[in-house]
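To start, the structure itself, in structure tokens.
Note that the structure is a prediction, hence the values are computed from the model and not measured. In what follows, every heavy atom counts, from backbone to side chain, and hydrogens, waters and symmetry copies are set aside.
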Amino acid sequence: MTEQASFTIDSPGGPRRVAVAYERTGAGEPLLLLHGIGHHWQAWQPVLQILAAERDVIAVDLPGFGTSPALPEGLAYDLSSVVPVLDAFCRELEIDRPHVAGNSLGGLLALELGREKLVRSVTALSPAGFWTEAERRYAFGTLLAMRQGARAMPLPLVERLSRSAAGRAALTGTIYARPGRRSPEAVVAETLALRDATGFRETLEAGRSVLFRDDVPEIPVTIAWGSRDRLLVRRQGVRAKRVVPGARLVRLPGCGHVPMNDDPALVARVILDTSS
């Protein structure tokens, strides 16, 4: 059952109260899961039970996404605000330096948590921040088009499309290599999550100037990229390896931008190997 943690963090305008929704399951060393822009914690559902067999898994809705409220006034949707929010969230749950796995925006946040020495290991799946300017513009334009499409479609149309493999491909084929594997209920839910994400515009705006340029030394880091990623093309993984030379670079054959659904067993094994 999804829970919510509420805590106070500092801001330029003084203390602010932040709430973060999360799902927690399993036992073992703590593992924090971070989704991408416009998504919600349920992006991790295909791998959740595999991971929970060996880890205490905490899958969060990032602020302004899923059922987590928007950030309060005075807090920006950038790394300098969201990383301290995640650190404060972990402290509220009495989690000391979890392992972390993140996808896309979540992968960028995971790497930044690693750079700040706030986590034990990092698994970054198609992380943002290793793009050229042209690649960034393409990705952001694609995301905006997906968001506009989700907001334009009435719910009955989304539900009707979700009932066929072709319809699920139309709704989610940009992020999944195998969208037909996603359940109709999951496709409806994530389309609504994209439509209703209060932090979408501000997060995208904050990402316009983001480039990840710093090494993440002294902890295990894996950077994994789907061979069929259509949003952040896989050559960005080679750039990521140059920036974080100690990282293990893993190819995910047949996987798209959100690989957890395309090959749950492979993705779970990559995360468990990194966090062992």
Over 12 non-hydrogen atoms of neighbours within 6.0 angstrom of CZ in R269: yes

Interatomic distance, S80 atom OG to E112 atom CD [nearest 0.5 angstrom]: 9.0 Å

Passing option when S68 is tested against L62, V20, V18 for side chain to side chain contact (heavy atoms under 4.5 Å, CB included): V20

Approximate separation, where rounding is to 0.5 Å, of I9 CD1 and S81 OG: 6.5 Å

Any side-chain heavy-atom pair of D229 and Q236 under 4.5 Å: no

Heavy-atom check, side chain of S6 versus side chain of R17, under 4.5 Å: yes

Between CG on residue D61 and OG1 on residue T2, distance to nearest 0.5 Å: 7.0 Å

Close side-chain approach of I58 and P98, heavy atoms under 4.5 Å: no

Salt-bridge contact R182-E190 (side-chain N to carboxylate O under 4.0 Å): yes

For R248 against D273, the heavy-atom pair lying closest together: NH2-CB, 4.0 Å

For the student: nearest non-hydrogen atoms of D56 and G28, plus distance: CB-O, 3.4 Å

Derivation of the salt bridge (Lys or Arg N to Asp or Glu O under 4.0 Å) call for R91 and E94: CA-CA 5 Å; R91 284 188 275 109; E94 300 182 345; over 6 Å; no

Beyond-backbone contact of P46 with D262, side-chain heavy atoms, under 4.5 angstrom: no

Minimum side-chain heavy-atom gap H257-S104 below 4.5 Å: yes

F200/F65 aromatic ring centres below 6.0 Å: no

Student check: side-chain heavy atoms of W41 and L34 closer than 4.5 Å: no

Residues E29 and R120 bridged, charged N to O under 4.0 Å: yes

Cation-aromatic face contact R136/Y138, 6.0 Å, 45 degrees: no

Over all atoms of both residues, closest heavy-atom pair of F89 and V60: CE2-CG1, 3.5 Å

Mutual orientation of the aromatic rings belonging to F130 and W225 [parallel < 30°, tilted 30-60°, perpendicular > 60°]: perpendicular

Non-hydrogen side-chain atoms of R115 and F212 separated by less than 4.5 Å: yes

Y77 and L204, any side-chain heavy atoms less than 4.5 Å apart: no

E159 vs R163, salt bridge (Lys or Arg N to Asp or Glu O under 4.0 Å): CA-CA, chis, key distance, verdict: CA-CA 7 Å; E159 291 174 333; R163 289 194 285 269; 5.3 Å; no

Modelled atom types, side-chain donor and acceptor of R234 and S227, under 3.5 Å: no

Donor-acceptor pair between R168 and S162 side chains, under 3.5 angstrom: no

